[in-house]
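This report concerns only the one structure given below.
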Amino acid sequence: MPYWFFMFHLLEKRIADAFAAKIGALYGVNAPVQTEQPKQAAFGEIAVPAAFQLARQLKKAPKAIATELSNGVGAIEGVAGIEIAGNGYMNVRLDRGFYGAALLSEREMRETCIEAEKIIVEHTNINPNKAAHIGHLRNAILGDTFVRMLRAIGRRVEVQNYIDNTGVQVADVVVAFEHLEKKSPTDVKGLIETTRFDYLCWDLYARMSGYYADHPEALEWRKATLHAIESGEGATSELAHLVSDAIVRAHLATMYRLNIEYDVLPRESEILHLKFWAQAFELLKERKAIYFETEGKNKGCWVMPASAFKESSDDQENVEDSKVIVRSNGTVTYVGKDIAYQLWKFGLLGKDFYYRKWHTYPDGREVWASTSEPQTGSPPFGRGARVYNVIDSRQSYLQDVVVAGLRALGFETQAEASVHFSYEMVALSPRTCIEMGIELSEEDKKKPYVEVSGRKGLGVKADDLIDKLIEKALDEVTSRHTEDPEPQRRRVATQIAIGALRYFMLKYTRNSVIAFDFAEALSFTGETGVYVQYAAVRASKILGKLTERGEALPDFRAELTQDAITRQLADERLWQALLTASKADAAIEQAVTSGEPSHVARYAFQLAQAFSTFYQDFPVVTETDKEKKTFLLWLTTYFRAQLEHTLGVLGIDVPEYM
RNA sequence: GCGCCCGUAGCUCAGCUGGAUAGAGCGACUGGCUUCGAACCAGUAGGCCGGGGGUUCGAGUCCCUCCGGGCGCACCA
């Protein structure tokens with residue numbers, strides 16, 4: 001509902017409706033009319049290809065139909081004219097004065113009506129056993145941007161970051177502390193306070209993986225540790241909580257550097273202790289979604305039949321493909337727990353966590369973490385109407401099984417509303433591996449990219465990359481503003497670095513593999529976040545220059561009549577600039593529909609390009625014609641607002657200067 | 001073996017439910033700062049959209065097939 005207020009959308013709909021009505025009246029055909037953007041600006045603003053679709057049904061030349069329609073459709077408010085082009089396109093030209101005047105008065109119409117339905121977006125989900133790396137950054141930035149997109153169009157969103165604090169990965173670091181390092185919980189507490197703990201664990205985890213490879217018998221330690229962690233008691237369990245809590249704090253700090261915040265941290269330990277799984281298990285058995293296998297390789301396990309999650313063309317059921325949910329020793333697999341968690345997200349489990357406040361961000365937002373101790377005064381979480389799981393595409397098989405679980409339980413609606421928001425991995429370019437001193441095999445050298453591996457400690461740490469970006473940005477800022485105090489320069493440099501990083505992770509579509517390359521990520525020219533920020537800063541600079549000259553910003557609504565706007569927009573360059581700038585909300589909405597944050601990034605870049613050409617072509621403050629100057633100033637403020645709005649959706653700040 | 005993803009300019013990538021002359025950025029080459037700061041702008045060169053079939057008024061986009069690359073397919077998480 002809210003986006004019909006956006007001018008471009010409104011006109012598109014108006015045109016589509018008018019044509020649909022005419023087609024109904026003339027030919028008795030009832031179908032929605034498509035509109036599209038013409039390839040070239042010279043063709044007008046909105047193209048209607050309806051004549052092509054009709055040509056077949058009516059057995060009539062497209063051009064003849066187009067002629068009849070465009071003559072018959074009559075006057076549409078906001079439309080200046082319709083032309084026939086090619087062999088049947090109807091190109092619509094907007095009434096520029098009408099459009100400009102509408103935009104000028106539109107501003108306070110951007111009210112957000114928040115929907116009652118809650119959307120849950122789960123992202124980040126990093127194993128709390130070591131520092132975050134660039135792959136995790138893609139997940140978090142993608143997830144956070146999608147959240148911002150949803151909120152921008154008025155949706156109510158809850159951000160969850162699932163913490164697997166009882167898994168093998170945490171256990172391995174605990175094993176390393178206890179057996180390799182001989183550390184007590186007190187020792188580790190000391191390390192947490194005095195060292196870069198997430199980095200320390202990064203190395204320790206890699207060491208432990210190596211140790212297992214050389215000493216397979218050490219896997220017994222892992223088994224015992226997992227057991228201890230699961231029980232929730234004793235020094236080993238205490239150590240595990242110390243490690244995972246400290247690492248979670250480190251991850252949240254890293255993500256906060258990127259303007260990423262969360263609402264709630266559901267933790268695996270509570271899923272265990274509050275017996276979420278037991279509840280889900282009963283449901284799955286009761287509704288016959290899983291069965292007890294009595295023969296074959298899965299003998300003694302509770303399994304989900306392959307037919308539930310695989311579409312096989314031939315109906316011969318392959319028992320080998322079934323998915324084990326409960327092992328023969330009675331323990332539950334990862335997918336099983338995930339089904340329980342997914343049920344909870346929709347409020348279908350019949351159980352809930354307790355929550356304690358984990359952290360309050362400087363802006364006042366609170367993050368809550370699950371706990372098994374009864375608490376009062378926490379806000380409600382879960383019970384989403386729609387759930388997006390931001391998880392890389394390698395897990396699509398498991399995600400399919402989880403959704404199949406919902407479906408098998410009879411929760412068809414919720415299965416439909418479960419979205420695996422998948423994306424491809426971030427790998428390393430061979431060049432970057434060499435730069436980092438990583439040794440590559442002959443085979444790897446030939447590959448276009450090399451997969452990162454936490455086990456091997458192979459990868460780029462998120463904070464290292466951010467630091468590197470900030471230092472580079474600081475050099476650039478310093479070269480332009482030598483006289484400014486260091487903290488100020490650093491603040492600006494940080495905003496630039498984050499802008500560059502977020503944009504870099506967002507400009508690729510979700511299913512293209514990013515071969516991470518330092519040279520590309522550190523680039524501040526061309527299609528980058530920095531370019532977009534620069535445009536916004538320049539727009540502000542114009543307005544700053546004006547006040548510096550002792551001039552005030554005109555009252556645009558009073559001074560710019562529709563006639564004045566029509567006169568100014570007769571200049572094709574200004575019209576194109578305004579048109580591009582007016583499409584921000586349409587771009588965001590389309591990106592939400594297609595689930596593709598890169599569309600917003602690309603629009604932001606186009607917007608900045610449009611501003612940069614405008615900036616080059618029209619000196620604003622020195623303009624002598626009063627009406628023109630007023631118009632140029634308005635366009636500048638409009639650009640500035642749209643740039644800031646779009647960058648905000650991307651989670652990128654506009655620096656005070658650059 | 002089965003499933004998913006990718007193949008578009010030298011490189012990195014866009015291309016919305018099939019639509020007009022396939023677009024950006026980087027790199028290369030030409031120009032433009034006594035400035036609302038050039039982290040910019042204007043321009044040039046560069047394409048059998050992996051190959052082959054098909055569907056139709058129309059295919060980079062849909063279907064089939066082949067080739068090349070990646071990732072999954074655990075009683076790991």
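In what follows, chains are A, B, ... by sequence order, proteins preceding strands, each numbered from 1. Worth knowing before you read on, the calculation uses all heavy atoms, side chains too, and leaves out hydrogens, waters and symmetry mates.
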Quick note, A:R480 side chain, CB onward, closest among B:A39, B:A14, B:G70 is B:A39
- [ ] Give the ring-plane orientation class for A:F516 versus A:F504, where under 30° counts as parallel, over 60° as perpendicular and anything between as tilted.
- [x] perpendicular
With A:K583 as partner, the option from A:Q606, A:Q37, A:H9 fulfilling side chain to side chain donor-acceptor pair (under 3.5 Å) is A:Q37
Checklist entry - If you take atom types as modelled and just measure distance, does the side chain of A:H481 reach the base of B:G37 with a donor-acceptor pair under 3.5 Å? => result yes
Under 3.5 Å, is there any donor-acceptor pair linking the side chain of A:N91 to the base of B:A20?
yes
The Watson-Crick or G-U wobble partner of B:C26, with both key distances under 3.5 Å, is B:G10
For B:C4, the nucleotide meeting Watson-Crick or G-U wobble distances (both under 3.5 Å) is B:G70
Partner of B:C16 under the Watson-Crick or G-U wobble criteria, both distances under 3.5 Å, comes out as none
Exercise for the section: Determine the contact category for A:K299: base if any of its heavy atoms lies under 4.0 Å from a base atom, sugar-phosphate if only primed atoms, P, OP1 or OP2 are that close, otherwise nothing. Expected result: base
**Prompt:** Taking everything shown except A:H227 itself, do over 12 heavy atoms lie less than 6.0 Å from its NE2?
**Reply:** no
Report which part of the nucleic acid A:S393 touches: base, sugar-phosphate, or nothing (heavy-atom distance under 4.0 Å, all strands). nothing
Which of B:A38, B:A77, B:C71 is nearest the side chain of A:M425? It is B:C71
Requested in this report: Scan A:V621 against the nucleic acid and name what it touches under 4.0 Å (heavy atoms): base, sugar-phosphate only, or nothing.
Outcome: base
Whole-Å distance, A:D517 CG to B:C26 C1', equals 12 Å
Of the candidates B:C41, B:A77, B:C57, the side chain of A:F52 sits closest to B:C57
By nearest-nucleotide position on RNA chain B, the 5'-leaning member of A:R394 and A:F524 is A:F524
Residues at least two apart in sequence or cross-chain that pass side chain to side chain donor-acceptor pair (under 3.5 Å) with A:S244, listed by chain then number, are none
From CG of A:D164 across to C1' of B:A77 the rounded distance in Å is 6 Å
- With a non-hydrogen cut-off below 4.0 angstrom, is A:F618 in contact with a base, only sugar-phosphate, or nothing? base
Picking from B:C71, B:A38, B:C75, the nucleotide nearest the side-chain atoms of A:E451 would be B:C71
Q: Please determine if a side-chain N or O atom of A:K545 lies less than 4.0 Å away from the OP1 or OP2 oxygen of B:C36.
A: no
Margin query: Rounding to an integer number of angstrom, what distance separates B:G50 and B:U12 when you compare their P atoms?
Written below: 15 Å
For A:A535, report the nucleic acid contact type (base, sugar-phosphate, nothing); a contact means any heavy atom under 4.0 Å. nothing
Exercise for review: Look at the side-chain N and O atoms of A:R602 and state whether any lies under 4.0 Å from the OP1 or OP2 oxygen of B:A24.
Suggested key: no
**Request:** Indicate, with a heavy-atom threshold strictly under 4.0 Å, whether A:V477 touches base, sugar-phosphate, or nothing.
**Result:** base
A:L272 atom CG is separated from B:A77 atom C1', nearest whole Å, by 13 Å
- Message: Need one value for A:V620: base, sugar-phosphate or nothing, where a base atom within 4.0 Å counts as base even if backbone is also close, heavy atoms only.
- Response: base
note: A:Y657, atom OH; B:A39, atom P; distance rounded to Å ~ 15 Å
Separation of B:G37 atom C1' from A:E656 atom CD, nearest Å, is 16 Å
Using Watson-Crick geometry (N1-N3 plus N6-O4 or O6-N4) or G-U wobble (N1-O2, O6-N3), each under 3.5 Å, B:C48 is paired with none
Remember a base hit wins even if backbone is also touched, and classify A:A539 as base, sugar-phosphate or nothing at under 4.0 Å, heavy atoms. nothing
Just to confirm, is there a sub-4.0 Å distance from OP1 or OP2 of B:A39 to any side-chain nitrogen or oxygen of A:Y534?
yes
Re B:A39: Watson-Crick or G-U wobble partner, both distances kept under 3.5 Å, found to be none
A:F43 CZ to B:U21 P, in whole Å, measures 8 Å
Among the nucleotides B:A77, B:A74, B:G25, whichever has the atom closest to the side chain of A:L398 is B:A77
Inset, instruction - Would you please confirm or rule out a distance under 4.0 Å between OP1 or OP2 of B:G25 and any side-chain N or O of A:Q609? - result: yes
Per atom distances to the A:Y397 side chain, the nearest of B:C41, B:A39, B:A74 is B:A74
Note to self: Any base atoms under 4.0 Å from A:S328, or only sugar-phosphate, or nothing? Heavy atoms, all strands.
What the structure shows: base
For this session: Indicate, yes or no, whether a donor-acceptor pair under 3.5 Å links the base of B:C36 to the side chain of A:T622.
Result: no
Picking from B:A77, B:C13, B:C41, the nucleotide nearest the side-chain atoms of A:S512 would be B:C13
Winner on side-chain proximity to A:Q34, out of B:G72, B:C5, B:U17, is B:U17
Per atom distances to the A:Y508 side chain, the nearest of B:C71, B:U12, B:A38 is B:U12
**Message:** Is there a side-chain contact between A:R538 and the phosphate of B:A38, meaning an N or O under 4.0 Å from OP1 or OP2?
**Reply:** yes
Query - A:D164 (side chain) donor-acceptor with A:G167 (main chain) under 3.5 angstrom - result: yes
> Which whole number of Å gives the distance between the P atom of B:A9 and that of B:G60?
Replying inline: 15 Å
**OP:** Would you mind classifying the nucleic acid contact of A:Q590 as base, sugar-phosphate or nothing, using non-hydrogen atoms under 4.0 angstrom?
**Re:** base
* Asked: Counting only side-chain N and O atoms of A:K541, is one of them less than 4.0 Å from OP1 or OP2 of B:G37?
  -> yes
When A:T509 and A:E476 are each assigned the nearest nucleotide of RNA chain B, the 5'-most assignment goes to A:T509
Exercise for the section: Look at the side-chain N and O atoms of A:Y531 and state whether any lies under 4.0 Å from the OP1 or OP2 oxygen of B:C41. Expected result: yes
From CD of A:E527 across to P of B:C41 the rounded distance in Å is 12 Å
One should read off an interatomic distance between A:F605 CZ and A:K507 NZ, to the nearest 0.5 angstrom, of 8.5 Å
When we call it a touch if two heavy atoms are under 4.0 Å apart, what does A:E596 touch: a base, just sugar-phosphate, or nothing?
-> nothing
- prompt: Between A:R573 and A:F614, is NZ or CZ placed under 6.0 angstrom from the six-membered ring centre and within 45° of the ring axis?
  reply: no
Taking A:K472 for the side chain and A:L522 for the main chain, is one N or O donor matched with an acceptor at less than 3.5 Å?
-> yes
Next item on the list: Please say whether the positively charged group of A:R538, taken as NZ for Lys or CZ for Arg, lies over the ring of A:Y615, i.e. under 6.0 angstrom from the six-membered ring centre and within 45 degrees of the axis.
Entry: yes
Rounded to whole Å, CG of A:N511 lies from C1' of B:A14 at a distance of 13 Å
Quick note, A:N127 side chain, CB onward, closest among B:U21, B:A74, B:A77 is B:A77
inquiry  = Using a 4.0 Å heavy-atom cut-off, does A:T525 contact any base of the nucleic acid, only the sugar-phosphate backbone, or nothing at all?
reply    = sugar-phosphate
query = Which part of the nucleic acid, if any, lies within contact of A:I496, taking any heavy atom under 4.0 Å across all strands shown: a base, the sugar-phosphate backbone alone, or nothing?
reply = base
The salt bridge (charged side-chain N to carboxylate O under 4.0 Å, His left out) partners of A:E596 (sequence neighbours excluded) come to none
* Taking only N and O in the side chain of A:Y334, is any of them less than 4.0 Å away from OP1 or OP2 of B:C75? -> no
